[in-house]
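Below, each value reflects all heavy atoms present in this structure, side chains not excepted, and no hydrogens, waters or symmetry copies. One is the number of the first residue; the rest follow in order along the sequence.
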Amino acid sequence: MATPLRALFGRGARRRRQEELLLALVSQLTLMTEEIRRSNLIQHHRLIAEQQGRAMDDPSLATAASSLTGVSEERRRQIMFVNRWYAAALLSYRIGSVDWDELLGNLRVLCRGGAFAEYWERTAEHRRLLPEDSFEARVGREVDTLLEERADDPDEWWVVSSPLM
């Protein structure tokens, strides 16, 4: 009778080992999937940045690529540049190279510039169309707060506000 019990326990141990291996494999696949997602975000950002770079260099493309009206070509380039900076800051957070507080710090510095304030004002309608619970909408509310704080007390721009996330 010892032999059948040993065989039963042997199969149980083998089964547990197979389950452990399967769980490890699923974990590795999950990590790979997340890495591919981050890589795709970076590549997407790179493609958009290249197109924006071309548009910033060529006024005829800038006009085609921008919804901004009534601004000089120089101002259009400045606004397009801060849009790229803003997008890069969001990407940094999405791929995990900065945390939420670092993102807010980067955005706080970005909010100091007049071109960014104008960009933010001119793109308000775009943000109103975002789903309220989206990442972009949450960041948008934070930037609104940062710009309000800057307007209320421009000398205290470095003070960290409480995070929403």
Side-chain angles (χ1 to χ4, degrees), residues 26-165:
V26 168
S27 176
Q28 289 299 312
L29 285 173
T30 301
L31 291 172
M32 277 185 16
T33 300
E34 184 58 27
E35 187 61 31
I36 290 169
R37 186 189 73 77
R38 283 192 298 269
S39 179
N40 287 340
L41 282 171
I42 292 167
Q43 184 62 21
H44 179 253
H45 178 81
R46 183 177 293 128
L47 291 170
I48 291 172
E50 286 173 7
Q51 294 294 65
Q52 286 179 327
R54 288 185 189 115
M56 288 170 62
D57 292 340
D58 182 343
S60 66
L61 294 177
T63 302
S66 172
S67 61
L68 301 173
T69 57
V71 295
S72 69
E73 288 307 315
E74 179 181 6
R75 192 58 164 181
R76 181 184 314 274
R77 283 187 193 101
Q78 291 171 347
I79 291 172
M80 291 174 78
F81 178 77
V82 296
N83 171 259
R84 281 174 72 175
W85 191 1
Y86 175 72
L90 297 185
L91 177 66
S92 294
Y93 177 79
R94 283 186 167 131
I95 64 171
S97 64
V98 300
D99 65 18
W100 181 251
D101 290 334
E102 291 169 310
L103 171 63
L104 290 182
N106 291 335
L107 294 176
R108 185 171 282 104
V109 171
L110 188 58
C111 286
R112 294 286 297 154
F116 183 80
E118 184 175 349
Y119 156 74
W120 201 252
E121 181 181 321
R122 287 179 172 269
T123 58
E125 184 61 30
H126 301 290
R127 286 186 305 286
R128 278 193 276 279
L129 300 175
L130 294 170
E132 191 171 317
D133 62 341
S134 71
F135 169 69
E136 291 85 357
R138 289 192 310 262
V139 172
R141 288 189 295 273
E142 281 292 326
V143 171
D144 288 340
T145 300
L146 293 172
L147 288 169
E148 288 170 14
E149 289 171 357
R150 178 181 169 255
D152 290 344
D153 194 353
D155 293 332
E156 296 288 327
W157 66 272
W158 65 87
V159 177
V160 177
S161 64
S162 60
L164 285 179
M165 292 184 91

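Residues A55 and A62 come closest through the heavy atom pair O-CB, 3.1 Å. P131 approaches A137 most closely through the heavy-atom pair O-CB, 3.2 Å. For S97 against E102, the heavy-atom pair with the smallest separation is O-OE1, 4.3 Å.
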Next on the checklist: Using salt bridge (Lys or Arg N to Asp or Glu O under 4.0 Å), reason through R38 and E34 one step at a time and then give a plain yes or no.
Outcome noted: CA-CA 6 Å; R38 283 192 298 269; E34 184 58 27; 3.5 Å; yes
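Side chain of Q51 to backbone of I48: no donor-acceptor contact under 3.5 angstrom is found. Within the 3.5 Å criterion, the main-chain N or O of V98 finds no donor-acceptor partner in the side chain of S92. Under a 3.5 Å cut-off, the side chain of R108 and the backbone N or O of L146 do not form any donor-acceptor pair. Judged by distance alone, with hydrogens and angles left aside, the side-chain atoms of S134 form no donor-acceptor pair with the main-chain N or O of L130 at under 3.5 Å.
The environment of CD in E74 is sparse: at most 12 heavy-atom neighbours from other residues, nucleotides or ligands sit within 6.0 Å. In this structure, Q43 places its CD atom where more than 12 heavy-atom neighbours from other residues, nucleotides or ligands lie under 6.0 Å away.
Partners of W120 by ring-ring contact (aromatic ring centres under 6.0 Å, His included), not counting sequence neighbours, listed by chain and number: Y86, F116.
Taken to the nearest 0.5 Å, the CD1 atom of I79 stands 11.0 Å off from the CE atom of M56. Rounding to the nearest 0.5 Å places OG1 of T145 at 11.5 Å from CG of L107. Within the model, atoms CG of N83 and CD of Q78 stand 13.5 Å from one another, a figure rounded to the nearest 0.5 Å. R75 CZ to R122 CZ: the interatomic distance, rounded to the nearest 0.5 Å, is 9.0 Å. Separating the CZ atom in R84 from the NE2 atom in H45 is a distance of 7.5 Å, to the nearest 0.5 Å. Between the CG atom in L91 and the CG atom in L103 there is a gap of 11.0 Å [rounded to 0.5 Å].
Just one of R127, H126, E121, E125 meets the side-chain hydrogen bond (donor to acceptor under 3.5 Å, both in side chains) condition when paired with T123; it is R127.
The closest side-chain heavy-atom distance from E73 to R77 is below 4.5 Å. In this structure, the side chains of R76 and F81 stay at 4.5 Å or more apart for every pair of heavy atoms. Taking 4.5 Å as the limit, every side-chain heavy atom of Y93 sits out of range of all side-chain heavy atoms of V139. Side-chain contact between V71 and E118 is present, with heavy atoms from C-beta onward closer than 4.5 Å.
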